[in-house]
Structure formats: structure tokens, C-alpha cells
Amino acid sequence: QVQLVESGGGSVQAGGSLKLSCAVSGHTISRGGCVSWFRQAPGKEREGVAGINTEFDRTYYADSVKARFTLSQDDAENTLYLQMNSLELADNAVYYCAALFSPWDCLERTLRADIYRYWGQGTQVTVSS
């Protein structure tokens with residue numbers, strides 16, 4: 001059974017940094033598939049933030065976070081990280097980790113929420129001025 005557990009959320013002032021973790025159990029990330037971060041602010045749709053297709057070694061970032069957010073992967077811990085720098089008020093949201101271990105099914109669709117089978121419970125990120 002695949003489970004995803006997010007951690008690392010919290011409160012930070014604008015311009016600050018946070019590092020989110022997505023610990024995966026029940027499947028090995030490096031064996032192929034997509035693991036991505038999404039976020040949802042109150043009253044807004046869930047949007048893709050950043051993701052990786054480990055089969056093809058491709059990463060994807062939303063335009064709004066490029067140059068500020070960075071994905072990294074720890075194979076020993078089977079964990080995907082999202083380093084978030086220069087946080088802005090617009091980054092306020094609940095952040096979710098999602099996974100789909102069918103690499104061809106998520107190729108070039110990595111930041112589409114509707115393709116993912118497995119989801120974590122979410123972690124709150126609050127950015128204040």
C-alpha cells in the first residue's frame with residue numbers, strides 16, 4: 001500500500017524559506033513514476049507546483065515558482081523534498097504531495113492533478129508580511 005506523508009510546513013515571513021518533505025512508502029521513487037507537489041489556497045483550485053518523472057529524469061516547475069523552488073530526491077530515504085526560497089504572500093496554501101507510478105501516464109502531464117492516484121494529507125505553509 002502506497003502512502004505519502006508530508007512534513008515541513010509552517011509559518012514564515014515573506015522572503016524566508018521552508019523545506020517540505022514527502023516521505024513515500026510502499027513504492028520506490030527511483031524505480032519510475034512521477035512524484036509532484038501541488039498546492040491549494042482557500043477558494044482556489046489545486047495547482048501544480050513542481051514535479052519529477054524519475055523514469056525520464058525530468059523535472060517540471062510552475063512559472064510562478066521557477067528560480068525560487070527546487071526539487072531534490074533522497075533515494076536512501078525514499079523522500080522527495082521541495083526547497084522553497086524567497087517565499088511570497090502568494091505562496092500561502094496547503095501543500096500536497098502526489099504520486100503516480102506509471103511513468104508513461106504522467107509524461108508531460110506531471111503537474112496535472114487529475115492524473116495522480118496517491119495523495120498525502122497536506123501541510124500548511126503560511127507566509128506573512
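Heavy atoms only: backbone and side chains are in, while hydrogens, waters and symmetry mates are out. For this chain, numbers begin at 1 and follow the sequence in order. What you are looking at is a predicted structure, and each value in this text was computed from that prediction instead of being measured.
- V125 and Y96 are members of different hydrophobic clusters when ILVMFWY side chains are connected at heavy-atom separations under 4.5 Å.
- Nearest heavy-atom pair, S21 versus W37, reported as atom, atom and distance to 0.1 Å: O-CH2, 3.5 Å.
- Nearest heavy-atom pair, G48 versus A62, reported as atom, atom and distance to 0.1 Å: O-CB, 3.4 Å.
- Considering all non-hydrogen atoms of both residues, L111 and Y61 come closest at CD1-C, 3.9 Å.
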Please list, one pair per line, the donor and acceptor atoms closer than 3.5 Å that link side chains of residues 24-34 to other protein atoms, with sequence neighbours excluded.
none

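- Heavy-atom minimum distance, G122 versus V94: CA-CG1, 3.9 Å.
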| task | Apply side chain to side chain contact (heavy atoms under 4.5 Å, CB included) to V12 and T126, showing your working. | result | CA-CA 6 Å; V12 64; T126 301; over 6 Å; no
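- Formation of a donor-acceptor pair under 3.5 Å by the Q40 side chain with backbone atoms of A93 is not found in this model.
- Between W119 and F38, the two ring planes are tilted [angle within 30° to 60°].
- Remark: K19 engages no residue in a salt bridge (charged side-chain N to carboxylate O under 4.0 Å, His left out) (not counting sequence neighbours).
- Note that CG of L18 and OG of S11 are 8.5 Å apart. Values are rounded to the nearest 0.5 Å.
- A search for side-chain hydrogen bond (donor to acceptor under 3.5 Å, both in side chains) contacts involving Q3 returns nothing, not counting sequence neighbours.
- Side-chain atoms of Q121 come within 3.5 Å of backbone N or O of E6 as a donor-acceptor pair.
- Looking at residues two or more places apart in sequence or on another chain, you find a side-chain hydrogen bond (donor to acceptor under 3.5 Å, both in side chains) between S36 and Y116.
- Contacts of R117 classified as side chain to side chain contact (heavy atoms under 4.5 Å, CB included), with partners at least two apart in sequence or in another chain: L100.
- Under the 4.5 Å side-chain heavy-atom criterion for ILVMFWY residues, no single connected hydrophobic cluster contains both L20 and V5.
- Residues passing the salt bridge (charged side-chain N to carboxylate O under 4.0 Å, His left out) test with R58, sequence neighbours excluded: E108.
- By the side-chain hydrogen bond (donor to acceptor under 3.5 Å, both in side chains) test, N85 is found to be paired with S17, Q83, residues two or more places apart in sequence or in another chain being considered.
- Under the 4.5 Å side-chain heavy-atom criterion for ILVMFWY residues, a single connected hydrophobic cluster contains both L80 and M84.
- Shown here are the side chain to side chain contact (heavy atoms under 4.5 Å, CB included) partners of D91, two or more places apart in sequence or in another chain: R39, R68, F69, L87, E88, Y95, V127.
- Note on residues 119-129: no pairs pass salt bridge (Lys or Arg N to Asp or Glu O under 4.0 Å), not counting sequence neighbours.
- Applying the side chain to side chain contact (heavy atoms under 4.5 Å, CB included) test to E55 and every residue at least two apart in sequence or in another chain returns N53, P103.
- Under the rule for a salt bridge (charged side-chain N to carboxylate O under 4.0 Å, His left out), the partners of D114 that lie at least two apart in sequence or sit in another chain are R112.
- In terms of the side chain to side chain contact (heavy atoms under 4.5 Å, CB included) criterion, residue partners of A99 (sequence neighbours excluded) are, by chain and number, L4, V35, F101, Y118.
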